[in-house]
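The structure appears right after this line, and notes come after that.
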Amino acid sequence: MNNKSSNEPNVVINVVGEVCPVPLIRFRKALRSTPLNAIIEMIGDDESSRREIPMAVEELRLSLIAVYDENGKWRILIKKTRNV
Amino acid sequence: MPKKLTIVVHSEDLDKIYSALIIGSGALSYGLNVTLFFTFWGLRRLIKGNLSKAPLSKYNFLGIGSWAMKRKMRKSKVISLNELIHDFKELGGKIVACSMTMKVLGITKEALDQSLIDDYGSVGTYINESKDANITLFI
């Protein structure tokens, strides 16, 4: 479904203000509801989730595109490279 | 084969039920299969409408402590136990109710929130699920 050449997200999950374990749960839910090769963008400000979402991406053997830090918030871009 | 986590939920304390469900949903987020075994006092939390009526393991003060903790958690934007257990189920987490405890404490299936329960079993079910688990915890 994702023929875009850029890394523009297909879905954006905003978890600003949310704490453990909600950012992880929302990430997992997004993975279940998006098709293969979808690009998911997570936006949040919980410090530990900034480290733990990429850890989950690795454990799930998905592709971590980028992590950005902007004004106390982070943005994590993930490509759903396999069905999990 | 996906990795697996099993937890024995023995305690009925609010803080410990939180720990079990947070660890369980965290593991599901990491792609693990998760089974929670509710036994003894923990099983009482699966009685309809009982989940968040749990006491605190410390400083409960006849329920005032538990009430204050829930208030504090809401202020800190911590997810409620009811939402958490529904997320746990939605992400594919399994819940087993201990049938021996049901007999001992006189809890019927009808009294339990059956929408949360995937299976009823005893120690054999726990061992069978845990023998190839990567992580198992007793809470």
Side-chain angles (χ1 to χ4, degrees), chain A residues 9 11-65 67 72-84, chain B residues 1-7 9 14-36 51-52 54 69-95 116 118 132-137 139:
Chain A
V11 58
V12 179
I13 310 290
N14 187 336
V15 288
V16 174
E18 301 285 357
V19 293
C20 164
V22 172
L24 270 177
I25 292 175
R26 295 282 305 278
F27 168 57
R28 191 72 181 94
K29 281 187 179 178
L31 284 175
R32 287 164 68 94
S33 61
T34 47
L36 190 64
N37 290 321
I39 292 181
I40 299 165
E41 181 177 71
M42 304 284 303
I43 304 174
D45 54 4
D46 177 47
E47 271 300 309
S48 52
S49 301
R50 187 196 174 283
R51 284 184 294 117
E52 291 174 7
I53 291 171
M55 280 156 65
V57 170
E58 194 184 333
E59 181 63 27
L60 292 162
R61 289 183 282 124
L62 303 173
S63 169
L64 181 69
I65 300 169
V67 182
K73 290 179 195 157
W74 43 255
R75 283 196 301 130
I76 303 173
L77 281 160
I78 305 112
K79 187 169 185 182
K80 182 179 167 181
T81 45
R82 60 187 204 104
N83 281 317
V84 285
Chain B
M1 270 285 277
K3 292 175 184 166
K4 197 198 267 186
L5 160 73
T6 61
I7 303 180
V9 187
L14 181 90
D15 37 328
K16 294 182 184 179
I17 299 273
Y18 253 112
S19 295
L21 284 170
I22 288 173
I23 295 167
S25 54
L28 289 169
S29 303
Y30 271 63
L32 277 74
N33 287 339
V34 180
T35 306
L36 304 186
L51 186 67
S52 57
M69 178 62 82
K70 276 183 266 186
R71 197 160 162 257
K72 218 173 165 176
M73 287 175 117
R74 259 201 307 277
K75 272 196 172 165
S76 308
K77 292 207 76 179
V78 174
I79 187 171
S80 76
L81 267 186
N82 282 316
E83 286 173 281
L84 188 55
I85 204 163
H86 284 109
D87 283 343
F88 174 80
K89 296 290 299 177
E90 191 184 326
L91 293 181
K94 268 177 67 183
I95 289 179
L116 299 175
D118 297 275
D132 57 350
N134 305 77
I135 310 169
T136 187
L137 302 172
I139 295 179

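Chain A is the first sequence line, chain B the second, and so forth, proteins listed ahead of strands; every chain is numbered from 1. Predicted model only: the values in this text are computed from it and were never measured.
- More than 12 heavy atoms of other residues, nucleotides or ligands sit less than 6.0 Å from atom NZ of B:Lys70.
- Salt bridge absent: A:Arg26 and B:Asp87 never bring a charged side-chain N and a carboxylate O closer than 4.0 Å.
- When side chains are defined from C-beta on, A:Ile25 counts as touching B:Leu84, because their heavy atoms get closer than 4.5 Å.
- With a 4.5 Å cut-off on side-chain heavy atoms, A:Asp46 and A:Ser48 count as touching.
- The candidate with the highest count of non-hydrogen atom pairs below 4.5 Å against chain A, out of B:Leu91, B:Ile22, B:Ile79, is B:Leu91.
- With rounding to the nearest 0.5 Å, the separation of CD1 in A:Ile78 from CE in A:Met42 is 6.5 Å.
- Annotation: A:Lys73, atom NZ; neighbour count of heavy atoms from other residues, nucleotides and ligands within 6.0 Å does not exceed 12.
- Between A:Arg75 atom CZ and A:Ile65 atom CD1 the span is 11.0 Å, to the nearest 0.5 Å.
- Within residues 52-63 of chain A, the residues having any heavy atom less than 4.5 Å from a heavy atom of chain B are, in residue-number order, A:Glu52, A:Met55, A:Ala56, A:Glu59, A:Leu60.
- Listed in order of number, the residues of residues 11-19 of chain A that approach chain B to under 4.5 Å between heavy atoms are A:Gly17, A:Glu18, A:Val19.
- Interface residue A:Val22: only side-chain heavy atoms are found under 4.5 Å from chain B.
- Of the two parts of B:Glu90, the backbone and the side chain both hold a non-hydrogen atom closer than 4.5 Å to a non-hydrogen atom of chain A.
- The shortest side-chain heavy-atom distance between B:Ile135 and B:Ile23 does not fall under the 4.5 Å cut-off.
- In this model, a donor atom of one side chain and an acceptor atom of the other lie less than 3.5 Å apart for B:Thr136 and B:Thr6.
- When each of B:Ile85, B:Leu51, B:Leu36 is tested with B:Ile17 by the rule side chain to side chain contact (heavy atoms under 4.5 Å, CB included), just one qualifies, namely B:Leu51.
- For the pair A:Leu77/A:Pro9, a side-chain contact is recorded, criterion being any heavy-atom separation below 4.5 Å from C-beta on.
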